[in-house]
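Take a look at the structure set out below.
Just so you know, these numbers come straight off a predicted model, no measurement behind them.
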Amino acid sequence: MNQSKKDRVHDGEYDIDNGGCHELNPDENSKALFQTPQDLFNSEEGEVNFRGVSWQGAAILIAKFQIGLGALSLPSTFHVLGFFPGILCFVILAVITTVAGYVSGNARQYYPQMHSIGDAAELLFGKGAREFIGIIYYIYLALVAGAGMLTTSVALNALSDHGACTMAFLAVACAAAFIFGTGFRSLEKVAWISWIGVAGIVFAIWITAIACLTRDRPAGAPPGPINLDIRVLPHSSFTEAMSAISTQLFALGASGTFFSVAAEMKEPEKFTRSLIYGQSFIVLTNIAIASIMYGKIGQYLVSPALGSAGVLIKKISYGIAFPGLLVTAILWSHIAAKYWFVRILRGTRHLQSNTVTHWTVWVGSMAVTVVFGFIVVGVVPFFDDFLSLVGALINPVFTNVLPGLMILFYLGANPSRASDSVQNGETGKVLSPMIWLPNAFKAYRNGWKQASALVGGIFMILLGAFIIVGGTYATVLSIQASYLDGSVSGVFSCGDNS
């Protein structure tokens with residue numbers, strides 16, 4: 001857009017100053033329009049370095065965010081959706097979440113004040129959107145952290161033959177997440193243990209898959225003749241299909257966290273490389289393992305999938321996967337607490353200094369997060385429906401809706417000037433949605449690339465809205481049915497969940 005600075009002010013542009021956003025008045029110094037926003041983390045100042053993640057570390061963080069909980073329920077979605085439609089659906093969701101990850105991780109190259117998707121919402125719609133989306137984002141992170149604690153309790157139950165109350169095992173997982181998550185203040189340190197986490201889970205699910213191939217009959221099959229009921233095409237109701245799609249999205253739904261990964265990279269311009277390596281590894285691994293297990297076991301799949309090859313292999317697999325499951329709880333608790341830590345201390349010296357305020361906010365954020373996760377998991381003690389509910393109600397906001405809106409924002413803000421904006425220090429400036437949204441729908445006039453991006457962005461938004469409505473409705477019905485048929489014992493149950 002070839003507007004004068006004065007015209008752009010009247011059109012509702014804003015200036016982000018040190019990570020905050022405020023509307024500029026026409027009579028303010030015009031130099032403010034060209035003030036480069038301050039990088040959130042300064043690697044040269046402060047006692048704590050939050051910019052130490054290498055591109056390899058970022059790749060393993062992406063892989064760890066994307067593998068763990070959803071991968072253990074993925075094979076069962078093929079039975080609901082049918083083998084071919086299940087793989088097709090997973091690939092489509094993988095492409096969408098990769099695009100969302102690309103948009104999210106690379107945004108801070110132009111807006112270095114960004115740390116979370118809440119900051120992206122502020123860029124699009126202002127401060128109110130930042131607070132609203134930020135709260136939803138934190139709840140999502142804390143819910144997944146709780147799911148990590150729940151799966152860790154499943155592992156402890158399996159290894160000990162239910163040697164203690166499940167709530168006791170859950171408390172152990174909660175305490176471990178708090179201790180380790182608080183001790184590692186930067187993602188650079190968490191990246192090191194994420195290598196162990198990814199390796200443990202991948203080895204465990206491969207052991208289970210190979211063990212399934214060596215069995216004459218599925219471990220979960222009843223005595224007598226069996227029918228695997230392997231479905232090439234679906235034979236399920238709409239609610240069952242939507243619940244399965246929500247579970248698949250959960251398995252790939254970590255793209256909202258990529259803002260935080262990029263914010264702590266040494267070289268955030270290499271984020272795309274990290275995304276390609278991390279995402280490709282996880283997508284191919286998930287498809288291979290889920291296909292093997294479903295093709296061999298069919299309808300006798302167990303969820304979580306590590307229990308599908310018998311009691312002995314179940315214990316071996318959970319023993320190998322245990323560090324990875326615990327790392328899942330640690331990593332998601334850490335990133336959730338980091339949201340409030342940065343939200344409270346950004347723009348102050350306490351953010352990167354070992355002050356009393358720094359430690360109080362950090363420890364308090366971790367404590368609130370793990371306690372919240374413990375309570376939610378205790379109240380919602382069922383695995384599949386828990387993942388489906390999160391995947392349906394919250395995931396699409398971060399994997400579809402907001403990334404799609406960001407694509408429209410870049411189109412409406414004239415992305416051809418992006419490189420010039422960086423050189424001229426104009427990256428702190430954002431447009432009112434009354435300007436960029438109408439402009440985005442005119443982008444098709446600028447060529448096929450812009451037209452394709454426009455169609456892609458709109459498709460992501462509409463698909464996200466469809467999953468939110470349909471998936472949430474389906475999951476609520478499933479949860480209701482679980483309570484009615486007695487398969488859920490109640491809140492804070494000591495029963496064996498393995």
Side-chain angles (χ1 to χ4, degrees), residues 66 68-100 136 139-140 143-144 147 150 229-256 283 286-287 290-291 293-294 298-299 301-305 376 380-404 456 458-485 487-488:
Q66 295 283 47
L69 305 176
L72 302 183
S73 283
L74 186 61
S76 62
T77 67
F78 287 0
H79 185 66
V80 176
L81 298 173
F83 184 68
F84 176 72
I87 291 180
L88 179 62
C89 179
F90 186 76
V91 170
I92 292 173
L93 292 176
V95 171
I96 290 174
T97 56
T98 301
V99 172
I136 294 177
I139 292 174
Y140 163 67
L143 286 176
V144 182
L150 174 64
D229 190 24
I230 296 176
R231 303 172 180 176
V232 178
L233 297 175
H235 301 284
S236 306
S237 66
F238 172 78
T239 55
E240 291 173 333
M242 288 305 305
S243 181
I245 291 172
S246 300
T247 299
Q248 288 194 349
L249 183 60
F250 182 89
L252 294 166
S255 54
V283 170
N286 279 338
I287 291 177
S291 299
M293 295 187 69
Y294 180 60
Q299 66 172 323
L301 279 162
V302 177
S303 184
V376 169
V380 189
F382 34 80
F383 188 80
D384 283 345
D385 287 334
F386 184 85
L387 300 188
S388 296
L389 183 61
V390 176
L393 187 60
I394 301 178
N395 263 122
V397 177
F398 307 129
T399 58
N400 294 69
V401 178
L402 278 172
I458 294 173
F459 175 74
M460 289 174 66
I461 295 169
L462 294 178
L463 179 62
F466 175 74
I467 294 176
I468 290 173
V469 176
T472 303
Y473 171 74
T475 306
V476 168
L477 291 181
S478 179
I479 292 173
Q480 183 182 30
S482 297
Y483 275 103
L484 291 176
D485 64 19
S487 60
V488 177

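Here the shortest heavy-atom pairing between Gly471 and Met242 reads N-CE, 3.4 Å. Nearest approach of Pro234 to Pro85, heavy atoms of both residues: CD-CG, 3.7 Å. Contact detail for Ala474 and Ser243: the closest heavy-atom pair is CB-N, 4.0 Å. Pairing each heavy atom of Met460 with each of Ala100, the nearest pair is CE-CB, 4.1 Å. Of all heavy-atom pairs between Arg231 and Ser236, the closest is NH1-OG, 3.5 Å. The two residues Asp229 and His79 make their nearest non-hydrogen contact at O-CE1, 3.1 Å.
Judged by distance alone, with hydrogens and angles left aside, the side-chain atoms of Thr472 form no donor-acceptor pair with the main-chain N or O of Val469 at under 3.5 Å.
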As a quick check of understanding, evaluate side-chain contact (heavy atoms from CB on, under 4.5 Å) for Leu402 and Val397, giving each step before the final call. CA-CA 6 Å; Leu402 278 172; Val397 177; 4.1 Å; yes
Which is it for Leu252 and Ile96 under the side-chain contact (heavy atoms from CB on, under 4.5 Å) test, yes or no, and what are the steps along the way? CA-CA 10 Å; Leu252 294 166; Ile96 290 174; over 6 Å; no
Just do the side-chain contact (heavy atoms from CB on, under 4.5 Å) check on Tyr294 and Thr77 with the steps written out, would you? CA-CA 9 Å; Tyr294 180 60; Thr77 67; over 6 Å; no
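For the side-chain contact (heavy atoms from CB on, under 4.5 Å) with Ser255, the qualifying choice from Thr399, Val99, Thr98, Asn395 is Thr399, the only one to do so. Checking Ile287, Ile245, Leu249 one by one against Phe90, the side-chain contact (heavy atoms from CB on, under 4.5 Å) holds for a single residue, Ile287.
Atom CD1 of Ile467 sits about 12.5 Å away from atom CG of Leu393, to the nearest 0.5 Å.
Relative ring orientation between Phe398 and Tyr140 is described as tilted, the plane-to-plane angle lying within the 30° to 60° band.
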